[in-house]
Undergrad: 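Input: one structure, supplied below.
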Amino acid sequence: MRDPRDHDEESLHRIKALPKVELHLHIEGAAPPAFIRGLAQEKKVRLDGVFAEDGTYEYRDFVHFLQTYEAATSVLRSPEDYARLTRAVLEECAQNGVIYAETFISPDFCGGGDLGAWREYLHAMQEAADAAERDMGITLRGIVTCVRHFGPEVAKKSALCAAETAGEWITGFGMGGDENKGEQRDFAYSFDMAREAGLRLTTHAGEWRGPQEVRNAIEHLGVERIGHGVRAIEDLALVDLIAEKGITLEVCPGSNVQLGVYPKLSAHPIQKLRARGAKVTISTDDPPFFHSTMVQEYENLARTFGWEEEDFTEIAKTSANAAFCSADTREALLKRLESA
Ligand code: ADE
Ligand code: ZN
């Protein structure tokens with residue numbers, strides 16, 4: 001590690017060019033605004049209040065962000081739309097040097113929780129992902145996600161879709177949405193169903209609520225990864241527990257700063273969590289909503305915390321080891337990271 005100001009342009013360039021692994025990416029949240037605008041025009045749908053004058057997404061705060069996200073998502077109405085979205089998202093990922101990504105996909109948005117429709121959406125996305133892998137060498141896996149503010153009964157439908165389609169491509173189950181609604185334990189039934197189907201588990205926790213929420217996620221849902229989890233830093237015994245249990249935090253620094261969880265990156269706890277032994281990884285969450293990319297995240301972290309190539313390589317390996325993929329896929333991924 002070096003003094004944050006010391007990065008010369010050459011070392012920054014090398015850091016930005018490193019191969020990356022992204023574990024926390026919402027597929028709709030990764031939709032480029034121009035893609036959503038284009039689709040809205042094709043379908044002659046008016047999208048009020050979604051875009052700012054400069055064409056980027058616009059929202060006031062976290063709850064309004066979720067509403068804007070859902071409004072933008074409303075133009076995605078068919079398996080073909082999701083296939084095109086998958087391609088657009090993977091092109092963006094590949095341009096940022098991402099070689100493996102996992103994306104959250106929600107049956108609520110893909111067929112409204114109907115299993116037959118869900119299978120069609122998945123088939124279309126998987127075909128697009130396979131083509132992207134052939135064309136750009138990027139691998140994608142899907143994590144089926146329930147939406148917390150839609151409630152536990154709706155989540156059960158998502159869990160059933162997840163359980164019925166678990167396999168080489170759908171490898172995980174998770175939960176996003178408004179952390180201030182309900183409790184983690186309300187969703188235990190859905191997480192149990194997913195676990196029994198062989199899916200790996202993650203949930204958003206400790207983004208908006210404090211450390212107790214992270215403890216609840218570990219205790220009540222038995223997750224092995226936590227989406228964000230950053231507010232665990234407010235309870236060091238919890239950080240030690242996370243380290244001991246080998247739980248991986250899907251940290252999205254740019255998202256946290258843009259949404260106001262922390263006022264600036266230098267106040268973000270990623271460095272402290274890592275120093276205390278928690279497994280931290282780097283992701284973008286919903287990149288165009290937060291004016292971010294993986295390259296931008298790397299650059300900002302390098303400049304703010306003085307992280308060097310070795311730090312990012314170690315974090316990418318941590319991500320590969322925590323990836324919800326088969327042993328073969330992981331081995332291939334680690335080889336690519338090592339040979340870079
Ligand atoms: N869905 C998309 N982005 C999210 C975030 N940052 N937190 C919770 N749910 C989300
Ligand atoms: Zn998220």
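Whatever order the structure lists ligands and atoms in, that order sets their numbers, starting from 1. All of these numbers come straight from a predicted model, not from anything done at the bench. Positions are given from 1, in the same order as the sequence printed here.
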Undergrad: When you check the side-chain N and O atoms of E22 and T284, is any donor under 3.5 Å from an acceptor?
TA: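 On atom types as modelled, these side chains qualify, holding a pair under 3.5 Å.
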
Undergrad: Looking at D285, which atoms of ligand 1 are within less than 4.0 Å of one of its heavy atoms?
TA: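 In order of numbering, the contacting atoms are 3 (N), 5 (C), 6 (N).
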
Undergrad: Between D130 and Q126, is there a side-chain donor-acceptor contact under 3.5 Å, judged purely by atom types and distance?
TA: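 No, no side-chain donor-acceptor pair sits under 3.5 Å.
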
Undergrad: With a cut-off of 2.8 Å, does H204 place any N/O/S atom under that distance from the Zn ion (ligand 2)?
TA: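 Short answer: yes, at least one N, O or S atom is under the cut-off.
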
Undergrad: Answer with yes or no whether the side chains of D328 and S326 bring together a donor and an acceptor at under 3.5 Å.
TA: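 Per modelled atom types, S326 and D328 side chains form no pair under 3.5 Å.
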
Undergrad: Checking one value in my table: which N/O/S atom of H26 lies closest to the Zn ion (ligand 2)?
TA: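 Nearest N/O/S atom of H26: NE2.
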
Undergrad: Which ligand 1 atoms are under 4.0 Å away from a heavy-atom of Y69?
TA: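 What qualifies from ligand 1 is 2 (C).
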
Undergrad: With heavy atoms of H26 as the reference, note each atom of ligand 1 found under 4.0 Å away.
TA: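 Answer, ordered by atom number: 1 (N), 2 (C), 3 (N), 4 (C), 10 (C).
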
Undergrad: Distance under 4.0 Å to a non-hydrogen atom of D286: what atoms of ligand 1 satisfy this?
TA: 2 (C), 3 (N), 4 (C)

Undergrad: So does C252 have any N/O/S atom less than 2.8 Å away from the Zn ion (ligand 2)?
TA: no

Undergrad: Report yes or no: do Q258 and S292 form a side-chain donor-acceptor pair below 3.5 Å?
TA: no

Undergrad: Could you check atom 9 (N) of ligand 1 against the protein and tell me its nearest heavy-atom contact, residue, atom and distance included?
TA: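 Ranked first by proximity to atom 9 (N) of ligand 1 is G177 N, 2.8 Å.
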
Undergrad: What atoms of ligand 1 come closer than 4.0 angstrom to any heavy atom of H228?
TA: 6 (N)

Undergrad: Could you note down all residue pairs passing side chain to side chain donor-acceptor pair (under 3.5 Å) where residues 169-180 supplies at least one of them, sequence neighbours left out?
TA: D178-K181

Undergrad: With a 6.0 Å cut-off on the ring centroids, do F290 and F65 count as close?
TA: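 When the ring centroids of F290 and F65 are compared, they turn out to be within the sub-6.0 Å range.
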
Undergrad: Can you name the atoms of ligand 1, numbered from 1 with element, that are less than 4.0 Å from a heavy atom of E207?
TA: 5 (C), 6 (N), 7 (N), 8 (C)

Undergrad: Are a donor atom and an acceptor atom from the side chains of S283 and E250 found within less than 3.5 Å of each other?
TA: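 No donor-acceptor contact under 3.5 Å links the two side chains.
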
Undergrad: Check step by step if ring-ring contact (aromatic ring centres under 6.0 Å, His included) holds for H204 and F104.
TA: CA-CA 11 Å; H204 284 58; F104 296 119; 5.7 Å; yes

Undergrad: What atoms in ligand 1 come closer than 4.0 Å to a heavy atom of F62?
TA: 5 (C), 7 (N), 8 (C)

Undergrad: Please work out, at 4.0 Å between heavy atoms, whether the side chain, the backbone, both, or neither of E179 comes within that distance of ligand 1.
TA: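 Near ligand 1, E179 shows nothing, with every heavy atom at 4.0 Å or more.
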
Undergrad: Pick one of side chain, backbone, both or neither for how F65 approaches ligand 1, counting any non-hydrogen atom pair under 4.0 Å.
TA: side chain

Undergrad: F324 and side-chain contact (heavy atoms from CB on, under 4.5 Å): which partner among L199, T202, T329?
TA: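 Testing each of L199, T202, T329 against F324, the sole residue satisfying side-chain contact (heavy atoms from CB on, under 4.5 Å) is T202.
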
Undergrad: May I ask you to check if any N/O/S atom from D285 comes under 2.8 Å of the Zn ion (ligand 2)?
TA: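 It does; at least one qualifying atom falls short of 2.8 Å.
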
